[in-house]
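Right, one structure below, let's go through it.
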Number of protein chains: 2
Amino acid sequence: MTPDSEDPRWLTAEQRLAWLDMVRVLTRLPATLDAQLERDAGLSFFEYHVLSMLSEVPSHTLRLSRLAQLTSSSLSRLSNVVKRLEGRGLLRREPDPDDGRASRAVLTAAGTDAVERAAPGHVTAVRELVVDPLDPAQLSQLHAAHERILGRLDPASSSRPEWLET
Amino acid sequence: MTPDSEDPRWLTAEQRLAWLDMVRVLTRLPATLDAQLERDAGLSFFEYHVLSMLSEVPSHTLRLSRLAQLTSSSLSRLSNVVKRLEGRGLLRREPDPDDGRASRAVLTAAGTDAVERAAPGHVTAVRELVVDPLDPAQLSQLHAAHERILGRLDPASSSRPEWLET
DNA sequence: AGCGAATAGTTCAAGCGTCAAGTAAATTGG
DNA sequence: CCAATTTACTTGACGCTTGAACTATTCGCT
């Protein structure tokens with residue numbers, strides 16, 4: 001791949017304003033959700049997300065590599081977080097019987113409790129900050145835009161999540 | 001432990017999918033932009049943003065507190081980053097003549113160079129990932145959604161950024 | 001089979017961000 | 001006009017993320 005020869009197609013004024021507002025959302029929204037969860041439940045947004053993904057799967061069990069995909073995280077980051085969460089008793093690791101290389105994370109009872117205690121406040125925050133200020137049409141437009149963006153961010157896996165056995 | 005459904009107003013299936021896709025964008029987009037800038041220009045996205053804000057102001061000078069607002073960062077984080085950028089010669093700090101407590105960041109020639117070298121690749125990435133996959137109507141809908149979200153994130157300053165001074 | 005490559009995960013050092021505390025200057029209020 | 005408060009920033013300790021190894025297993029090819 002050539003280092004794309006200058007394509008100075010600058011942004012139009014409108015595009016630039018749209019982008020700058022997106023950057024604001026991109027930085028403030030995660031920070032706000034993090035603060036809420038940390039304050040009310042002692043979890044970072046990422047930790048919550050990990051536990052939440054586990055809780056949504058019937059077996060409460062996922063391989064780390066899948067958990068990494070689901071949370072858009074590196075295996076390294078996930079490995080560290082899983083170790084800490086295990087230390088706190090919110091989940092445990094066990095070897096995958098089908099693949100000697102793999103590990104599974106299993107939500108414990110304490111972990112289930114923690115997500116269930118954290119969820120209402122988190123959902124309230126998501127509603128307040130994102131869902132409620134938009135009418136249904138706007139939310140679905142936002143969703144469509146995100147799907148298109150994700151198509152560019154990850155051309156590989158944008159070919160649909162066949163999994164997610166809710 | 002759900003005290004009979006209604007209190008936390010759970011998300012509908014559609015809202016939940018929209019939110020999960022937003023979370024993916026929220027985590028992957030900054031990571032991707034960071035990687036591109038770091039690889040091609042040796043700057044983090046945040047560093048680029050700081051330099052870029054300075055370069056857009058005629059005097060190439062801003063008070064740190066204003067720079068913090070413009071980049072949605074804490075003063076503490078900004079202070080650290082400014083110190084590092086100063087060490088690399090991309091900007092310098094000087095006391096504000098009008099207020100003994102304040103400091104100003106001033107872009108140096110090397111800093112101007114750095115932004116100008118980094119900008120084309122960054123803009124290309126932003127176009128590829130966000131602007132191009134959306135048609136103009138979608139982009140403006142996205143912008144509208146972000147404005148509403150920002151209204152909730154920061155009720156105070158959502159009253160127009162009247163900047164471009166100093 | 002068997003060997004090289006890919007996959008799954010862990011770990012460690014380095015760097016960055018955050019929060020709490022600290023300094024210094026300006027503003028407010030009595 | 002002085003004390004209390006607020007504003008503007010800086011610093012230091014601590015925790016988290018990253019990226020580069022490194023180990024252990026499984027896959028893919030011939």
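Every chain is numbered from 1, with letters handed out A, B, ... down the list of sequences. What you are looking at is a predicted structure, and each value in this text was computed from that prediction instead of being measured.
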Cluster check B/L139, A/L17: I/L/V/M/F/W/Y, side chain < 4.5 angstrom
no

Sorted by chain and residue number, the side-chain hydrogen bond (donor to acceptor under 3.5 Å, both in side chains) partners of A/D40 (sequence neighbours excluded) come out as A/Q36

From CZ of A/F46 across to P of C/dG17 the rounded distance in Å is 18 Å

When rounded to whole Å, the CZ to C1' distance for the pair B/R104 and D/dC9 reads 16 Å

Would you say a side-chain N or O of B/R63 is under 4.0 Å from OP1 or OP2 of D/dA8?
yes

Sorted by chain and residue number, the salt bridge (Lys or Arg N to Asp or Glu O under 4.0 Å) partners of A/R77 (sequence neighbours excluded) come out as none

So, with a heavy-atom separation below 4.0 Å from DNA chain C, the residues of residues 92-103 of chain B are B/D99, B/G100, B/R101

So, with a heavy-atom separation below 4.0 Å from DNA chain C, the residues of residues 81-89 of chain A are A/K83

Residues passing the salt bridge (Lys or Arg N to Asp or Glu O under 4.0 Å) test with B/E86, sequence neighbours excluded, are B/R93

Considering only heavy side-chain atoms of A/S76, the closest of D/dA20, C/dA20, C/dG9 is D/dA20

A/E38 CD to D/dC16 P, in whole Å, measures 8 Å

| Below 4.0 angstrom from OP1 or OP2 of C/dG17, is there any side-chain N or O of B/S73? | no

- Query: Reckon A/L75 touches a base, only the sugar-phosphate, or nothing at all at heavy-atom distances under 4.0 Å?
  - Reply: base

B/R148 side-chain N/O to A/P133 backbone N/O, donor-acceptor pair under 3.5 Å: yes

Computed from five pairs at either end and rounded to 10 degrees, the angle between the axes of the helix from C/dA1-D/dT30 to C/dG30-D/dC1 is 40°

In whole angstroms, the gap separating P of C/dG15 from CG of B/L43 amounts to 16 Å

Does A/Q138 reach the main-chain N or O of A/D135 with its side chain, forming a donor-acceptor pair under 3.5 Å? yes

Rounded to whole Å, CD of A/Q69 lies from P of C/dT7 at a distance of 12 Å

- Item | Heavy-atom donor-acceptor pair, A/S73 side chain to A/T71 backbone, under 3.5 Å | no

* Do B/S79 side-chain atoms and B/S76 backbone N/O form a donor-acceptor pair below 3.5 Å? -> no

Here the distance between atom P of D/dC14 and atom CG of B/N80, to the nearest Å, is 16 Å

Separation of D/dT7 atom C1' from B/L78 atom CG, nearest Å, is 16 Å

ask   = Is the side chain of B/S103 donor-acceptor paired with the backbone N or O of B/P95 at a distance under 3.5 Å, no angle test?
value = no

Do A/S72 and B/R28 pair up side chain to side chain, a donor and an acceptor below 3.5 Å, judged on atom types alone?
yes

Any donor-acceptor pair under 3.5 Å linking the side chain of A/D34 with the backbone of A/F45? yes

* Any donor-acceptor pair under 3.5 Å linking the side chain of A/R127 with the backbone of B/W10? -> yes

Rounded to whole Å, the CG-P distance (A/L67 to C/dA8) equals 14 Å

If you compare every side-chain N and O of B/S74 against the phosphate oxygens of C/dC19 (OP1, OP2), does one of them come in below 4.0 Å? no

